[in-house]
> 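What follows is a structure written as structure tokens; I'll ask about it next.
Counting convention: from 1, in listed order, for ligands and their atoms alike. Just so it is clear, the model here is predicted, and its values are computed rather than measured. Atom set for the values below is all heavy atoms of this structure, side chains included, hydrogens, waters and symmetry mates excluded.
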Amino acid sequence: MSYRTPEELHKAAAALLAGIEEKRAQGPIRNKDRIAIPQQEMPSQDPLERRGNMQEVTFGYSEEQALVEAERCLQCKNAPCIAGCPVTIDIPRFIKAIAERDFEGSISVIKEASLLPAICGRVCPQENQCQENCTVGKSLKDPFKSVSVGRLERYVADLDRATGGRSAPHVKPATGKRVAVIGSGPASITAAADLRKEGHAVTVFEAFHRPGGVMLYGIPEFRLPKQIVDEEIETLRQMGVEIRTNFLVGRTRKLADLLNEDGFDAVFIGTGAGLPRFMHIPGENLIGVFAANEYLTRSNLMRAYDSDHADTPIIQPRRVAVLGGGNVAMDAARTAIRLGAEEVNVVYRRTRKEMPARAEEVDHAEEEGVHFHFLESPVRILGDENDRVTGIECLSYQLGEPDESGRRRPVPIPGSEHPLAVDTVIVSIGNDSNPLLMKTTPELEVTKWGNIITDDDGRTSMPGVFAGGDIVLGSATVILAMGQGRKAAAAINTMLAGGAGGPGTEPTEQ
Ligand code: FAD
Ligand code: SF4
């Protein structure tokens, strides 16, 4: 698709809107006509320009675009989109409010179900959730042409932020109960807010020097401006939540100490899945090999791209190989481009169709010049006499029968080894949970992958201790983590009000 400037898109939307108004003056707009309204493209920075900066790639809809896009919604009675939303936002209702230019009403509908709409409107994989089920996409036989629910959510959330609508939620009178929240990602932010609203004293313990979890140190600025995450944290502070950074539970204090010595009545664990997986191939310890997490954290949180001032600058990459095909791989590849790499190659052992990354992110990466090597996987990383990376040796693959995930299994082609010259390798094949907390808390039951086992409401095997987000689900999504934080907070609130699950009660049946 050729690049269209924001001005061109806004102008086209204004013309469409005038046509829609004219039609409406003649009578109600029929579904057939709504389906024929073209989907509004997201305005974005020119790919050639954005390669060289860290600023957000997309600008968000103009008012005209939002109004046109809202007109595409059929207001389906059965609202299949809601069933695809992990926090069941009343999607037709918030879109109807946009179409009626009631933007305040629209954001309040979203806020009934979601605490972080400006974030979710940017990073939720809507194409696999609400938009996958949308009647418009189904009628057009193209899920990517569904009503752009996420972009509309972002529009009203940004408008709300710009007009100062983000007042801190009401907090009930103090209950005298104290809750510790471990980690400060979306699961913890949601849990902390819901617990504080009930009047409990809430303390968030975060291992890093800045709160926000992966939204801060993983997802890059060009996809999710850090100011938005900081604003959410500020709201927590305004509500009276205490945030203690540089506090690693398991080392600074043990989890049991929080309950037994420090006077907390309940604990929520939202420590995420921050331990990178490696490929276990020769050469992974060479200089120039990074885990995607480290690469992104150093760039996002420690501003390693600022080589004149950063304490831990990253070596300027020239030719980069990113191993993996998920969102994290796309973020690492696009970060490497912005750090000045001349060539960035994503090496993935299946095809584009099987890539777990969001299609939009793959498109953006391609527009920015990232090369894709499908049906290839490295067998070793090559280095020179100084132990610096000089390349990778790849094996070619073909697709075989589907595996347990339903995706066709990649089968290696014997004798197909071939080199790819690179000086930097970024391994991005997934994350596991950090074992520290579990090792120092043997009472917590975990799966063989180290994820905490909980019941549907987030209760763990330890009385008074709840968990949610990636530490329970494995690497998942922001919205799923939020949903889990909300459920666990509800269960903690019930427990603190005298219901089940507190210290002294029987552990959960697993
Ligand atoms: P996290 O966000 O991981 O936060 C956990 C926090 O706990 C961290 O701040 C960590 O420092 C802290 N912590 C860990 N152990 C301790 C301890 N012992 N004591 C104190 N603090 C501790 N999802 C999407 O929906 N859309 C996307 O586009 C998307 N892109 C992603 C890109 C990248 C690069 C990554 C890594 C993930 C992405 N995800 C995306 C996934 C999403 O960010 C996670 O699913 C989500 O952040 C999980 O939230 P969480 O609250 O469970 O934990
Ligand atoms: Fe609107 Fe699509 Fe939801 Fe129907 S399924 S109400 S068209 S967003």
> For Ser139 and Thr135, indicate whether the former's side chain and the latter's backbone hold a donor-acceptor pair under 3.5 Å.
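Flag set: sc Ser139 to bb Thr135 pair under 3.5 Å.
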
> Does Arg407 use its side chain to pair, donor to acceptor, with the backbone of Met355 at less than 3.5 Å?
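Not a single qualifying donor-acceptor pair exists.
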
> With side-chain contact (heavy atoms from CB on, under 4.5 Å) as the test, would you mind laying out the steps for Ile492 and Phe268 before giving the verdict?
CA-CA 9 Å; Ile492 296 174; Phe268 173 78; 4.1 Å; yes

> What are the protein N/O/S atoms, named by residue and atom, that sit under 2.8 Å from atom 2 (Fe) of ligand 2?
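Hits for atom 2 (Fe) of ligand 2 below 2.8 Å: Cys134 SG.
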
> Ring centres under 6.0 Å, that's the criterion: do Tyr348 and Phe372 meet it?
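Aromatic pair excluded; centres sit 6.0 Å or further apart.
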
> I'd like to know if the side chain of Asn133 reaches the main chain of Cys81, judged simply by a donor and an acceptor atom lying under 3.5 Å from each other, with no hydrogens or angles considered.
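No, Asn133 side chain to Cys81 backbone: no donor-acceptor pair under 3.5 Å.
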
> Using a strict 4.0 Å threshold on nitrogen-to-oxygen distance, state whether Glu361 and Arg334 make a salt bridge.
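Between Arg334 and Glu361 there is a salt bridge, with a charged N closer than 4.0 Å to a carboxylate O.
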
> Compare all side-chain heavy atoms of Pro43 with those of Gln65 and state whether any distance is below 4.5 angstrom.
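SC-SC contact between Pro43 and Gln65 confirmed.
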
> In a check of side-chain contact (heavy atoms from CB on, under 4.5 Å) between Ser299 and each of Glu221, Arg338, Met54, which one passes?
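Filter result, single survivor: Met54.
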
> Starting from the N and O atoms of ligand 1, find every protein N or O within less than 3.5 Å and list the pair with its distance.
| from | atom 1 | to | atom 2 | distance (Å) |
| --- | --- | --- | --- | --- |
| ligand 1 | 2 (O) | Val214 | N | 3.0 |
| ligand 1 | 9 (O) | Glu206 | OE1 | 2.7 |
| ligand 1 | 9 (O) | Glu206 | OE2 | 3.1 |
| ligand 1 | 11 (O) | Glu206 | OE2 | 2.6 |
| ligand 1 | 18 (N) | Val249 | O | 2.8 |
| ligand 1 | 19 (N) | Val249 | N | 2.9 |
| ligand 1 | 21 (N) | Ala207 | N | 3.1 |
| ligand 1 | 25 (O) | Val478 | N | 2.9 |
| ligand 1 | 26 (N) | Val123 | O | 2.6 |
| ligand 1 | 28 (O) | Val123 | O | 3.3 |
| ligand 1 | 28 (O) | Arg223 | NH1 | 2.8 |
| ligand 1 | 28 (O) | Arg223 | NH2 | 3.2 |
| ligand 1 | 30 (N) | Arg223 | NH2 | 3.0 |
| ligand 1 | 45 (O) | Asp470 | OD1 | 3.0 |
| ligand 1 | 45 (O) | Asp470 | OD2 | 3.0 |
| ligand 1 | 45 (O) | Ala476 | O | 3.2 |
| ligand 1 | 45 (O) | Thr477 | N | 3.3 |
| ligand 1 | 51 (O) | Pro186 | N | 3.2 |
| ligand 1 | 51 (O) | Ala187 | N | 2.9 |
| ligand 1 | 52 (O) | Asp470 | N | 2.8 |

> Determine whether a donor-acceptor pair (N or O, by modelled atom type, separation under 3.5 Å) exists between the side chain of Gln484 and the backbone of Gly469.
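Between the backbone of Gly469 and the side chain of Gln484 there is a qualifying donor-acceptor contact (under 3.5 Å).
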
